[in-house]
Structures are given as structure tokens and as C-alpha cells.
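Here's the structure, in C-alpha cells; my notes come after.
Just so we're on the same page: letters track the sequence lines, and every chain starts at 1.
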There are 2 protein chains.
Amino acid sequence: MSCHQHVIDQLRGAGVRLTPQRALVLDVVYHSHGHLTADQVYERVRTQSPQVDLSTVYRNLVFLRQQGLIGELRLEGEPTRFEAVRSGAEHHHAVCSACGAMIEIAPADLAPLSEALVRNYGFAVSLVHLTLNGHCAACQPAGASDKGQSSPHGVEALAGSDAEAG
Amino acid sequence: MSCHQHVIDQLRGAGVRLTPQRALVLDVVYHSHGHLTADQVYERVRTQSPQVDLSTVYRNLVFLRQQGLIGELRLEGEPTRFEAVRSGAEHHHAVCSACGAMIEIAPADLAPLSEALVRNYGFAVSLVHLTLNGHCAACQPAGASDKGQSSPHGVEALAGSDAEAG
DNA sequence: ACTCCAGTTGCAAATCTTTGCAACTGGCTG
DNA sequence: CAGCCAGTTGCAAAGATTTGCAACTGGAGT
Ligand SMILES: [Mn+2]
Ligand SMILES: [Mn+2]
Ligand SMILES: [Zn+2]
Ligand SMILES: [Zn+2]
């Protein structure tokens with residue numbers, strides 16, 4: 001506890017405690033490059049402190065995400081992954097639904113959105129490590145020159161259930 | 001099977017079958033207003049066809065989402081919810097981390113993002129019923145006049161684990 | 001140093017979601 | 001209209017994530 005005063009300050013400021021378990025989870029995530037699953041974090045934490053529980057790892061991953069210290073990555077068909085949010089290395093991802101390619105997106109590309117939300121709704125959005133889906137340059141669907149959004153029309157009744165039941 | 005030819009066409013086009021189970025799931029979601037959990041969809045499907053399995057409901061919800069016919073809503077601390085993607089009623093959501101308020105966002109606010117991704121990466125993003133987090137107008141944090149993104153600095157070692165092992 | 005208590009933890013159990021697999025079936029083909 | 005087969009389904013089981021709860025502890029206050 002000497003360097004990383006900034007992080008400690010951030011955590012203290014939130015009225016929370018810096019337990020060895022929490023420090024370990026934070027440490028493991030920040031010392032890995034790439035995106036780790038909760039289980040991978042758990043395994044690495046265990047090499048340092050074998051009695052730590054998986055639920056504690058989960059709780060701390062959620063906590064650190066809420067603090068904005070780590071970001072999530074949810075890919076279709078696999079468990080959630082986590083990554084450090086490093087100053088100067090903030091980014092988002094675009095995943096191709098066709099080939100699985102994952103692109104890194106610069107935060108600047110989202111600035112207009114952030115501004116629009118403040119302007120139109122007074123909403124201060126927190127854009128941290130988003131995951132967007134779509135098609136990469138190499139996988140553009142055949143006849144791709146129209147609007148962009150396919151529009152499902154009014155599906156009235158395919159099987160006839162009762163209406164809304166709150 | 002007479003009206004909703006558009007939906008049937010869309011499904012056929014994907015090389016898939018319109019089974020009674022699938023039609024029921026689609027029907028339940030499209031006949032409800034608001035966001036339903038998988039379990040709520042399951043319950044409603046069961047009133048029509050009691051032997052349908054929960055896993056079938058899940059599989060179809062995933063499938064219909066991939067087809068762009070339904071959208072997801074993931075709120076902190078509760079199970080994923082689903083909603084019909086209705087032509088002319090497309091929208092996204094902004095959720096306040098402080099008070100839980102949920103705002104509806106117009107697709108137009110995301111148009112600049114969509115354009116930036118095509119321009120900068122050749123990526124055709126599919127923006128369907130996104131959920132963004134942040135703070136609503138009523139919950140702006142006290143001293144809020146700086147950049148916007150809090151920036152966690154380099155967390156070097158809080159507990160000292162080995163380096164990357166990915 | 002001693003006390004105190006809100007925030008945390010380990011453990012067990014619950015909840016939510018996905019998956020393997022053999023049987024089944026929609027809808028195309030002839 | 002019978003046959004076929006890729007796509008689906010029900011069921012059982014696994015996998016992923018969250019939660020209840022009593023014991024524990026960081027760190028603020030004295
Ligand atoms: Mn990343
Ligand atoms: Mn919605
Ligand atoms: Zn691609
Ligand atoms: Zn609010």
C-alpha cells in the first residue's frame with residue numbers, strides 16, 4: 001500500500017473497505033492483459049490465497065465494475081469476461097455476428113452519443129467497455145445498400161394468447 | 001397462418017422452421033407490453049401449451065433475438081428481460097445507477113455512432129434495444145462539471161500476483 | 001491499544017441460463 | 001401423399017451467477 005493511492009482513495013471514497021480479497025481480485029485483473037472469465041480470476045486469486053471463495057470473486061467483480069474500475073465483455077455463448085479499465089486505454093468492442101471478429105472502438109466514436117443524451121434527456125451516460133454487435137467490413141450481407149435496420153412488422157397473432165397481463 | 005406473412009418470410013429466409021413452440025414464444029412476447037423475463041414468457045406459453053419446456057423458451061428467445069425480432073433488457077440484479085421489437089417503436093434505454101429511473105432513448109440519438117462505426121471501421125452495427133447506464137438529470141453527482149469519465153490510474157500491484165498467464 | 005459496527009466473507013443453497021442427446025417434425029422433394 | 005433430413009424439442013444435467021446468513025474484520029473514533 002504505497003503506490004496505487006489513487007485507487008485506494010477511490011475505494012475509500014465509496015465508503016468501502018479494501019480487504020485482501022478485494023485487493024487480490026483487483027490485482028489479478030489489472031495484471032492480466034485480455035479479458036478474463038470470473039473463473040479464471042478465481043483460479044489466479046486462489047494461487048495467492050486458496051481459501052477465497054468464488055462468490056467473493058463474483059461479488060468483487062460486480063463491485064469493481066460498479067466503481068468503473070473494470071469493464072465487462074459479454075460474448076454470445078460464453079461466460080462474461082472482465083478487463084481492467086486502464087487510463088489512456090479505454091475502449092469499446094464491436095463483434096461481428098458472422099465471423100466473430102472483435103474490433104476495438106475508440107471512445108471518441110461515442111462522444112456524439114454522450115452529448116446527445118445530455119442534451120436531449122439530461123442523462124450523463126457512463127460509457128465503459130461497451131460491446132456492440134453487427135457485421136464487420138468483410139461480412140457485409142449480400143444486398144447491403146438500404147436503410148440498415150431490418151424492420152419486423154406488426155406480429156399480430158401467430159398462436160393466439162391472451163393480451164398483456166402486467 | 002395468414003397475416004404475419006412478413007415474419008414467416010423472415011424466419012423461412014433464415015432456413016428455420018416455424019414450430020408451434022416458436023410461434024407461441026413469439027406470440028407471447030409480441031402480445032405483451034413491457035419487458036418480460038424468460039420465466040414470465042414460459043408461464044404464459046404454458047397456459048397455451050403446458051408441455052413446452054423452459055429450455056425451449058430460452059432457446060427461442062435467443063433465436064428470436066438473433067433474428068432481431070426481440071430485444072433484451074439487462075438490469076443490475078435481476079434476470080434478463082425481453083421485449084418485442086416493433087416497427088416504428090424501436091428504442092433504447094438509459095438506466096440511472098442512482099435512482100433506477102429508466103429512460104427511453106430514440107434511435108436517432110445513436111445514428112451518429114452508427115455512421116462513425118461504418119466510416120472508421122467499416123463496421124455495420126446492429127443497434128437493437130441497448131441498455132446504457134449513467135445518471136439521470138435528477139441524480140447528477142455533486143461536483144459534476146469535469147470531463148465526465150473518471151479515470152482509474154495505473155493499478156500496479158495491490159497484492160502482488162504473477163503477470164499475465166493468458 | 002480497545003471498541004464498535006457497517007461492510008465483507010465463506011459456505012451452502014438457490015436461481016438463472018445453457019447444453020448433450022435421442023426422439024421428433026416441419027416443410028421441401030418427388 | 002410418402003420419405004427424408006436439417007432443424008427442434010423435452011428431459012436431465014451441467015454450468016454460470018446470485019443470495020441468505022452468521023461469523024468476521026477494516027479502519028474510524030476514542
Ligand atoms: Mn476490452
Ligand atoms: Mn424497451
Ligand atoms: Zn465478420
Ligand atoms: Zn436518477
Distance-only donor-acceptor check, side chains B:S55 and B:D53, under 3.5 Å: yes

Pair A:H129 and A:H92, ring centroids less than 6.0 Å apart: no

Rounded distance (Å) that lies between atom C1' of C:dC16 and atom CZ of B:R74: 11 Å

Under-4.0 Å side-chain N/O to phosphate OP1/OP2 contact, B:Y58 with C:dT18: no

Any donor-acceptor N/O pair under 3.5 Å between D:dG10 base and B:R59 side chain: yes

Spacing between B:E78 atom CD and C:dT15 atom C1', to the nearest angstrom: 14 Å

Below 4.0 Å: OP1/OP2 of C:dT25 and any side-chain N or O of B:Q21: no

Identified side chain to side chain contact (heavy atoms under 4.5 Å, CB included) counterpart of A:L110 within the set B:L113, B:L110, B:L117: B:L113

Interatomic distance, B:L54 CG vs C:dC16 C1' [rounded to whole Å]: 9 Å

5'-most by nearest nucleotide on DNA chain D - B:N60 or B:E76: B:N60

Residue B:T56, side-chain heavy atoms: nucleotide from D:dG26, D:dT9, D:dA16 that is nearest: D:dT9

Protein-nucleotide distance (A:D53, atom CG; C:dA14, atom C1'), rounded to Å: 15 Å

Nucleotide C:dG26, atom P - distance to CG of B:L24 in whole Å: 13 Å

Check ion pair A:E72-A:R74 (N to O, under 4.0 angstrom): yes

Touch class at under 4.0 angstrom, heavy-atom based, for B:D39 against every strand present: nothing

Presence of B:R22 side-chain N/O under 4.0 Å of D:dT8 phosphate oxygens OP1/OP2: yes

Nearest listed nucleotide, side chain of A:R17, among D:dG7, D:dG27, D:dT25: D:dT25

Side-chain N or O of B:T19 closer than 4.0 Å to phosphate OP1/OP2 of D:dT9: yes

Interatomic distance where OH belongs to A:Y42 and P belongs to D:dG15 [whole Å]: 15 Å

Whole-Å gap separating P (C:dT15) and CZ (B:R81): 16 Å

A:Q51 CD - D:dA23 P separation (whole Å): 19 Å

Passing option when B:V41 is tested against B:L24, B:V28, B:L26 for side chain to side chain contact (heavy atoms under 4.5 Å, CB included): B:V28

Sugar-phosphate only, base, or nothing, as touched by B:S55 at under 4.0 Å among non-hydrogen atoms: base

